[in-house]
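Here the structure is laid out as structure tokens; the discussion comes afterwards.
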Amino acid sequence: MKTTIEELLQQKETAKKDTVYLLAEEEINCFPVSAGDFFRIEDAGKWQGDFWIDELYEQKLREKEKDSVYQGLLAQLEKLREQIIEIKEEDPKGYGHMIQLHELRFVKHSIEKAMENLRSFYQTEVELELEKEYQICNRRVLTYKNTVSFGSFQDVERQVAAFSKVKLAWLRKQPLLLRNISAIRRAVDEQASIGLVGGPCLFGVYEVEILVNHFDGSCFCFDFSSGHHYERDENTHSLFADHVEKHLQKIESIHFRNWKRGVTSQEYESLEVLFAAGEALGAKVAIPIPDISYIKYLSTVIAPLDSAIREQAVEEFRILAHKISDLYLEQIEELKCKYPDVEIKVLHERDRGACKEFHTKREAFFRKSSLIRRLTAKREKTDAVFDYISMLALPFYFWGTPYVIQIDNLDETDSYRKCRKVHKNAFVLSAILYSERISANGKDTIFNAPLVYKDYI
């Protein structure tokens with residue numbers, strides 16, 4: 001479905017003044033977003049760390065804490081702590097100063113309580129000031145799949161000043177789906193190592209056809225990306241995987257047609273945004289080109305076929321996939337010249353060293369069969385799903401970065417959620433997800449659009 005923040009707020013019967021979107025530019029609130037109907041309106045709560053209003057709140061609170069009363073209590077508290085430390089250094093077990101330590105700790109706790117009450121008073125004052133200044137009665141947000149929340153580049157930039165160096169206009173003019181932006185701010189403040197990950201799919205709908213030839217001379221044509229038969233009627237409504245399973249003994253050969261003429265504008269942007277953000281943050285960038293996953297998917301679907309048919313089909317598709325991968329590798333080489341300071345590593349099937357490292361490092365996270373069953377119910381997609389989930393962890397696998405940021409399109413929301421679940425506590429994962437571009441037909445995204453609307457650069 002195609003929608004906007006404005007339309008979603010109307011559907012949820014929520015006034016803009018009650019949300020963070022009162023502060024957003026009209027262009028962003030009215031930007032067309034193609035997404036499934038998985039939106040909810042929620043109180044800011046756990047989401048507020050993703051919005052600049054939260055940083056403004058903290059800034060105002062810090063200003064309040066500069067007053068003489070709070071600072072006086074803070075100075076007394078620091079003095080008491082120093083006294084306690086001095087006594088403990090002189091008498092580690094405190095046996096000779098028990099009464100004095102007891103009195104000092106009593107006073108210390110009293111001061112801490114007074115500061116806590118004062119801070120609570122300041123918080124109320126700040127909330128009233130923000131409500132008066134911005135007319136926000138209750139900071140509510142739109143969430144997607146209970147995983148990410150609608151925000152904007154400005155929400156990111158105001159929290160992480162380094163992002164101001166990213167000058168990509170298309171990224172600034174649309175809403176973004178965000179998660180864990182406060183962690184990015186923490187990583188920058190700590191000068192910690194940061195890894196970025198994202199990039200395009202191998203190809204979109206209508207770009208690669210699968211031709212399934214039967215012994216009786218009939219031929220069935222499927223779209224590789226969607227799996228659907230091109231002529232959808234009551235006799236050809238099945239998906240490619242279902243067709244293979246149903247007609248195993250009838251299939252003579254499987255071939256492919258490649259209609260992809262180049263890299264689309266959307267695919268190029270998905271690459272450049274990683275370089276631009278990497279340069280701004282001084283981060284390392286990992287880009288997976290998923291030819292390996294597409295080959296795994298095909299191999300799994302046609303596994304029951306005769307070995308000669310299977311081997312011929314996989315090899316033919318491998319050659320096609322490598323040809324398409326080269327389109328991206330060429331663009332990446334050009335972007336390296338444009339952003340020379342960005343350290344980058346690309347995962348693709350022909351880089352055997354990177355593939356070995358990828359599979360070895362992820363093994364510890366994918367051992368439990370119960371976890372595997374929960375990730376996908378579709379047998380033919382199991383290996384490919386593992387790849388998409390674990391590919392988001394590439395910066396952690398390659399460089400051990402404690403902070404990883406997924407910069408990708410919103411269709412990768414599920415992979416973000418599953419990657420966090422699988423790699424829980426191994427590293428901190430944040431998300432900045434953008435909407436897929438609407439094609440020239442005004443209806444489909446470029447990924448899903450017919451060839452004539454693909455917008456190849």
Do [X] and [Y] touch side chain to side chain, with heavy atoms closer than 4.5 Å?
X      : Y      : value
Leu196 : Pro395 : no
Val404 : Leu392 : no
Cys419 : Phe427 : yes
Ser226 : Tyr206 : no
Val314 : Arg318 : yes
Lys361 : Leu394 : no
Ile324 : Val208 : yes
Ser152 : Glu25  : no

To the nearest 0.5 angstrom, please state how far the [atom1] atom of [X] sits from the [atom2] atom of [Y].
X      : Y      : atom1 : atom2 : value
Glu349 : Ile289 : CD    : CD1   : 12.0 Å
Asn213 : Ser253 : CG    : OG    : 4.0 Å
Thr300 : Lys296 : OG1   : NZ    : 9.0 Å
Gln312 : Asp306 : CD    : CG    : 11.0 Å
Asn258 : Glu209 : CG    : CD    : 10.0 Å
Arg261 : Leu327 : CZ    : CG    : 12.0 Å

Tell me the closest heavy-atom pair linking [X] and [Y], and the distance in Å.
X      : Y      : value
Ala313 : Leu298 : O-CD2, 4.0 Å
Cys30  : Thr4   : O-CG2, 3.4 Å
Ser182 : Gln159 : CA-OE1, 4.2 Å
Arg350 : Ser325 : NH2-CB, 3.6 Å
Ser390 : Arg362 : OG-NH1, 3.0 Å
Glu267 : Gly262 : OE1-O, 4.1 Å

Indicate whether the side chain of [X] and that of [Y] have a donor and an acceptor atom separated by less than 3.5 Å.
X      : Y      : result
Thr264 : Gln266 : no
Glu190 : Tyr403 : yes
Ser435 : Gln174 : no
Asp223 : Ser225 : no

Residues that [X] engages under ring-ring contact (aromatic ring centres under 6.0 Å, His included), provided they are two or more places apart:
X      : result
Tyr328 : none
Phe203 : Phe224, Tyr294
His214 : Phe220, His243, His247

Return yes when atom CD of Gln191 has more than 12 non-hydrogen atoms of other residues, nucleotides or ligands closer than 6.0 Å, and no otherwise.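 Not buried by this count: 12 neighbours or fewer within 6.0 Å.
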If you count heavy atoms of other groups shown closer than 6.0 angstrom to NZ of Lys12, is the number above 12?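 Yes - once you tally the heavy atoms of other residues, nucleotides and ligands closer than 6.0 Å, there are more than 12.
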Keeping [X] on the side-chain end and [Y] on the backbone end, is there a donor-acceptor pair under 3.5 Å?
X      : Y      : answer
Asn29  : Tyr21  : yes
Ser430 : Asn180 : yes
Arg310 : Ile302 : no
Lys2   : Gly442 : yes
Glu316 : Phe256 : yes
Arg140 : Ala15  : no

For Phe163 and Phe153, run side-chain contact (heavy atoms from CB on, under 4.5 Å): C-alpha distance rounded to whole Å, both residues' side-chain angles, the deciding distance at 0.1 Å, then the answer. CA-CA 9 Å; Phe163 272 105; Phe153 189 87; 4.0 Å; yes
Ionic contact status for Asp414 with Lys145, cut-off 4.0 Å: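 So Lys145 pairs with Asp414 through a salt bridge.
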Would Lys345 and Glu357 pass as an ion pair if we require N to O under 4.0 Å?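 Judged by the 4.0 Å cut-off on N to carboxylate O distance, Lys345 and Glu357 do form a salt bridge.
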Knowing that exactly one of Phe396, Tyr397, Tyr416 qualifies, which makes a ring-ring contact (aromatic ring centres under 6.0 Å, His included) with His423?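 Single pass found, and it is Tyr397.
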Residues forming a salt bridge (charged side-chain N to carboxylate O under 4.0 Å, His left out) with Glu129, sequence neighbours excluded: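 Expected list: Lys64.
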Residues Phe447, Asp411; criterion side-chain contact (heavy atoms from CB on, under 4.5 Å); working and verdict: CA-CA 11 Å; Phe447 180 88; Asp411 281 347; 5.7 Å; no
I'd like to know whether Trp259 forms a side-chain contact (heavy atoms from CB on, under 4.5 Å) with Lys454, so could you lay out the CA-CA distance, the side-chain angles of the two residues, the decisive distance to 0.1 Å, and finally the verdict. CA-CA 11 Å; Trp259 297 104; Lys454 284 294 184 186; over 6 Å; no
Carefully, step by step, assess Ile344 and Lys336 under the rule side-chain contact (heavy atoms from CB on, under 4.5 Å). CA-CA 8 Å; Ile344 180 168; Lys336 283 182 179 179; 3.4 Å; yes
Partners meeting side-chain contact (heavy atoms from CB on, under 4.5 Å) with Ser164 (sequence neighbours left out):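 Partners of Ser164 by the side-chain contact (heavy atoms from CB on, under 4.5 Å) criterion, ordered by chain and then number, come out as Glu157.
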Using atom types as modelled, flag every donor-acceptor pair under 3.5 Å from a side chain in residues 271-285 to any protein atom, sequence neighbours excluded.
{"unit_1": "Glu272", "atom_1": "OE2", "unit_2": "Lys338", "atom_2": "NZ", "d": "2.7"}
{"unit_1": "Glu272", "atom_1": "OE2", "unit_2": "Tyr339", "atom_2": "OH", "d": "2.8"}

